[in-house]
Amino acid sequence: MHIKSAEFVMSNSDVAKCPKGQLPEYAFIGRSNVGKSSLINMLTSRKSLAKTSGRPGKTQLINHFLINENWHLVDLPGYGYARVSKSSKKVFQKFITEYFGLREQLVTAFVLVDVRHKPQPIDLEFMQWLGENGVPFSIVFTKADKLKPNAILRHVEEYKTVLLETWEEMPKYFITSSSNEAGKDDVLSYIDELNNNMNLDSF
């Protein structure tokens, strides 16, 4: 897939105010310091489509971007960042869960995980919540440029080992780097495939 256009549509914290219509949506979410904004900018070939910040926890709203005029990329707030107040965390959690529970346009979520770290309980718990609530998702391992290939494989295998204790199979996953664009074509091709399948199903 070639990204010809990428436009900001809206930000809000009320799922009911999200864009109307039936355009398919792909939601990106992860811990607040996982490199989500950088990944979105890399995927869309736009340097500042999603706002990056040296201070994790910057994204605090549901952000919709219209891609190629036929699907929405959704940038969701990060979870699990200690410096966000408890009251804010509750609000974030509320509209994050409402988004996944109510947004019929959602095709799949991409859960971002820093490949440099061992499986983190908060990431595993969130994936478990998605599974229990029937929300399809893939894992996007970020910051692959920070590790050597063997270390990447070892860390991914650790995730597989942990997840397969409770899952029948490993969710689809991608290994990415915003710095060298690793995984860009794989993620976009997957979205393109899902979009095409939806179009076929509509006939």
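Just so it is clear, the values below take in all heavy atoms, side chains as well, and ignore hydrogens, waters and symmetry mates.
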Indicate the atoms forming the closest heavy-atom contact of [X] with [Y], along with that distance.
X      : Y      : result
Trp167 : Met127 : CZ2-O, 3.4 Å
Lys143 : Val34  : CE-O, 3.6 Å
Arg116 : Leu147 : CA-CD1, 3.7 Å
Ala6   : Thr44  : CB-CB, 4.2 Å
Pro24  : Met198 : CB-SD, 3.8 Å
Val162 : Pro119 : CG2-CG, 4.0 Å

State, yes or no, whether a side-chain contact exists between [X] and [Y] at a heavy-atom distance under 4.5 Å.
X     : Y      : value
Leu43 : Phe28  : yes
Met1  : Asn195 : yes
Leu39 : Phe110 : no
Val15 : Ile62  : yes

> With sequence neighbours left out, what residues match Glu98 under side chain to side chain donor-acceptor pair (under 3.5 Å)?
Replying inline: Lys94
If I take atom [atom1] from residue [X] and atom [atom2] from residue [Y], how far apart are they, to the nearest 0.5 angstrom?
X      : Y      : atom1 : atom2 : result
Glu25  : Cys18  : CD    : SG    : 6.5 Å
Leu112 : Phe174 : CG    : CZ    : 11.5 Å
Glu7   : Phe65  : CD    : CZ    : 11.5 Å
Gln120 : Leu124 : CD    : CG    : 8.0 Å

Looking only at atom types and distance, does a side-chain atom of [X] sit under 3.5 Å from a main-chain N or O of [Y], one as donor and one as acceptor?
X      : Y     : value
Asn63  : Ser11 : no
Lys36  : Leu76 : yes
Asn41  : Ser37 : yes
Lys184 : Met42 : yes
Asn68  : His2  : yes

Once side-chain contact (heavy atoms from CB on, under 4.5 Å) is applied, do any residues pair with [X], and if so which ones, sequence neighbours excluded?
X      : value
Asp145 : Ser177, Ser179, Asn180
Val9   : Pro19, His64, Leu66, His72
Asp14  : Asn12, Ala16, Lys17

> With no hydrogens and no angle check, do the side chains of Asp114 and Thr142 hold a donor and an acceptor under 3.5 Å apart?
Replying inline: no
Hydrophobic cluster membership, [X] vs [Y], 4.5 Å side-chain cutoff:
X      : Y      : value
Leu163 : Leu153 : no
Ile40  : Tyr190 : yes
Phe8   : Leu23  : no
Ile96  : Met10  : no

>> Run Tyr26 and Ile67 through side-chain contact (heavy atoms from CB on, under 4.5 Å) and show every step you take.
In response: CA-CA 10 Å; Tyr26 299 87; Ile67 309 299; over 6 Å; no
Under 3.5 Å, side-chain donor or acceptor atoms of residues 128-141 against the rest of the protein: list the pairs with distances, not counting sequence neighbours.
from: Gln128; atom 1: NE2; to: Glu132; atom 2: OE2; distance (Å): 3.4
from: Asn133; atom 1: ND2; to: Trp129; atom 2: O; distance (Å): 2.8

> Which pairs count as side chain to side chain donor-acceptor pair (under 3.5 Å) when at least one residue sits in residues 151-162, sequence neighbours excluded?
Replying inline: Lys118-Glu158, Glu157-Lys160, Lys160-Tyr173
